[in-house]
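Comments concern the structure below.
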Amino acid sequence: MKKSKIDREIVYSLLRQIPRGKVTTYKILANHLHTKAYRAIGQILKKNPHAPLVPCHRVVKSDGSIGGYSGEMTGRAITKKRYLLKAEGIFFSGNKVRDFKEVLFLFSSFLILFLG
DNA sequence: GGAAATATATGAT
DNA sequence: ATCATATATTTCC
């Protein structure tokens, strides 16, 4: 196995900080990791070593559309993702999050320094 | 170690 | 809004 270039721990740590009812995006995560590997974030989540400790369902695309879940871009997994978010008070109008910017969680600089 | 695959982003049309 | 291209990283073999 080749060496990991992204600090997965940080990804998971960041995700754990997201409170209920908030979401983040692959882009934001990648940015905080100082990388442009947006897609890689998804693959890391797909693997999801730390199971439900990390709320992977709170990660959506940068344009507010839902993205994927459990290795699927469409299908029952996505339905479940929408359901989970709905349970947290995040609703979807069409394929995009309603009030996207409002429910977007901003990571604090302190947190970033602490993790980095 | 190399090739294929990807839960994306961005720019052009 | 839609299509094509770019890019970095992961995972599988």
Side-chain angles (χ1 to χ4, degrees):
Chain A
M1 201 181 211
K2 283 187 181 172
K3 192 176 153 192
S4 302
K5 295 197 173 180
I6 290 186
D7 299 305
R8 305 132 81 86
E9 333 172 3
I10 297 188
V11 178
Y12 305 131
S13 299
L14 287 172
L15 282 185
R16 269 186 351 224
Q17 309 311 319
I18 305 178
R20 202 186 84 110
K22 295 277 184 175
V23 296
T24 189
T25 72
Y26 299 96
K27 181 180 183 180
I28 292 175
L29 290 174
N31 268 307
H32 283 299
L33 289 168
H34 304 100
T35 180
K36 297 182 187 70
Y38 316 107
R39 297 174 139 205
I41 305 292
Q43 296 207 82
I44 290 173
L45 294 186
K46 175 181 178 181
K47 269 306 199 175
N48 197 1
H50 297 273
L53 285 183
V54 196
C56 326
H57 63 276
R58 293 179 186 150
V59 187
V60 297
K61 287 221 229 172
S62 65
D63 65 343
S65 55
I66 192 163
Y69 190 65
S70 186
E72 297 180 27
M73 296 290 290
T74 173
R76 79 188 200 298
I78 300 305
T79 301
K80 182 168 186 177
K81 183 173 182 178
R82 277 197 344 210
Y83 177 79
L84 288 172
L85 290 173
K86 183 176 171 184
E88 298 189 351
I90 297 175
F91 296 88
F92 278 80
S93 60
N95 191 23
K96 296 190 179 180
V97 177
R98 192 192 304 172
D99 300 323
F100 182 47
K101 290 175 186 170
E102 303 303 321
V103 298
L104 195 54
F105 178 71
L106 285 328
F107 296 101
S108 73
S109 305
F110 280 138
L111 179 60
I112 304 301
L113 290 176
F114 182 69
L115 295 173

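Throughout, a chain's letter reflects where its sequence line sits, starting with A, and its residues are numbered from 1. Hydrogens, waters and symmetry mates play no part in the numbers below; they use all other heavy atoms, side chains included.
- Smallest separation of non-hydrogen atoms from A:Tyr69 and A:His57: CE1-CB, 3.8 Å.
- C:dT9 atom C1' lies 16 Å from atom CG of A:Asn31, rounded to whole Å.
- With rounding to the nearest 0.5 angstrom, the OG atom of A:Ser4 is 10.0 Å from the CD atom of A:Glu9.
- Both key distances under 3.5 Å define a Watson-Crick or G-U pair, and stretches of 3 or more such consecutive pairs in DNA chain B run B:1-6 with C:8-13, B:8-13 with C:1-6.
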Would you tabulate the nitrogen or oxygen pairs shorter than 3.5 Å linking the protein to nucleotides 11-13 of chain B?
none

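- Looking at the side chain of A:Arg8, the nearest of the listed nucleotides C:dT11, B:dA7, C:dA8 is C:dT11.
- Going from atom CG of A:Leu45 over to atom P of B:dT8 covers 10 Å, rounded to whole Å.
- Residue pairs that meet the salt bridge (Lys or Arg N to Asp or Glu O under 4.0 Å) test with at least one member in residues 17-27 of chain A, sequence neighbours left out, do not exist here.
- Across C:dT10, B:dA7, B:dA9, the shortest atom-to-atom separation from the side chain of A:Cys56 is found for B:dA7.
- Residue pairs that meet the ring-ring contact (aromatic ring centres under 6.0 Å, His included) test with at least one member in residues 72-98 of chain A, sequence neighbours left out, do not exist here.
- Atom CG in A:Asn95 sits roughly 14 Å away from atom C1' in C:dT2 (whole-Å rounding).
- Phosphate proximity of C:dT9 to A:Thr35: present, with a side-chain N or O under 4.0 Å from OP1 or OP2.
- Rounded to an integer number of Å, the gap from NZ of A:Lys46 to C1' of B:dA7 is 8 Å.
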For nucleotides 3-6 of chain C, print each protein N/O atom paired with a nucleotide N/O atom at under 3.5 Å, atom names and distance only.
unit_1, atom_1, unit_2, atom_2, d
C:dA6, N6, A:Arg39, NH2, 3.4

Output side-chain donor-acceptor pairs under 3.5 Å for residues 95-116 of chain A, partner residues at least two apart or in another chain, one line each.
unit_1, atom_1, unit_2, atom_2, d
A:Ser108, OG, A:Leu111, N, 3.1

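- Map A:Lys61 and A:Gln43 each onto its nearest nucleotide of DNA chain B; the residue landing nearer the 5' end is A:Gln43.
- Atom pair A:Ile6:CD1 and C:dA8:C1' shows a separation of 7 Å (rounding to whole Å applied).
- OP1 or OP2 of C:dC12 lies within a sub-4.0 Å distance of a side-chain N or O belonging to A:Lys47.
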With a 3.5 Å cut-off and sequence neighbours excluded, list the donor-acceptor pairs that the side chains of residues 33-44 of chain A form with protein atoms.
unit_1, atom_1, unit_2, atom_2, d
A:Thr35, OG1, A:Ala37, N, 3.2

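- For the pair A:Ile90/A:Val23, a side-chain contact is recorded, criterion being any heavy-atom separation below 4.5 Å from C-beta on.
- A:Tyr26 approaches A:Leu45 most closely through the heavy-atom pair CE2-CD1, 4.2 Å.
- Taking every heavy atom of residues 62-72 of chain A and every atom of DNA chain B, pairs under 4.0 Å involve A:Ser62, A:Gly68, A:Ser70, A:Gly71, by number.
- Summarising the geometry, the separation between NZ on A:Lys5 and P on C:dT9 is reported as 6 Å, rounded to the nearest angstrom.
- One distance of note links CD1 of A:Ile18 with SG of A:Cys56; it measures 10.0 Å at 0.5 Å rounding.
- Residues from residues 16-27 of chain A with heavy atoms under 4.0 angstrom of DNA chain B, sorted by number: A:Tyr26, A:Lys27.
- Rounding to the nearest 0.5 Å gives a distance of 4.5 Å between OG1 of A:Thr24 and CG of A:Leu29.
- The salt bridge (Lys or Arg N to Asp or Glu O under 4.0 Å) search around A:Arg58 returns A:Glu88, not counting sequence neighbours.
- In this structure the side chain of A:Val54 never reaches within 4.5 angstrom of the side chain of A:Val11, judged on heavy atoms.
- Annotation: salt bridge (Lys or Arg N to Asp or Glu O under 4.0 Å) contacts of A:Arg76 (sequence neighbours excluded): A:Glu72.
- Taking OG1 of A:Thr79 as the start and CG of A:Leu84 as the end, the distance is 11.0 Å to the nearest 0.5 Å.
- With rounding to whole Å, A:Tyr38 atom OH is found 15 Å from B:dT6 atom C1'.
- Contact detail for A:Val59 and A:Lys81: the closest heavy-atom pair is O-NZ, 2.7 Å.
- Of the residues in residues 77-86 of chain A, not one places a heavy atom less than 4.0 Å from an atom of DNA chain B.
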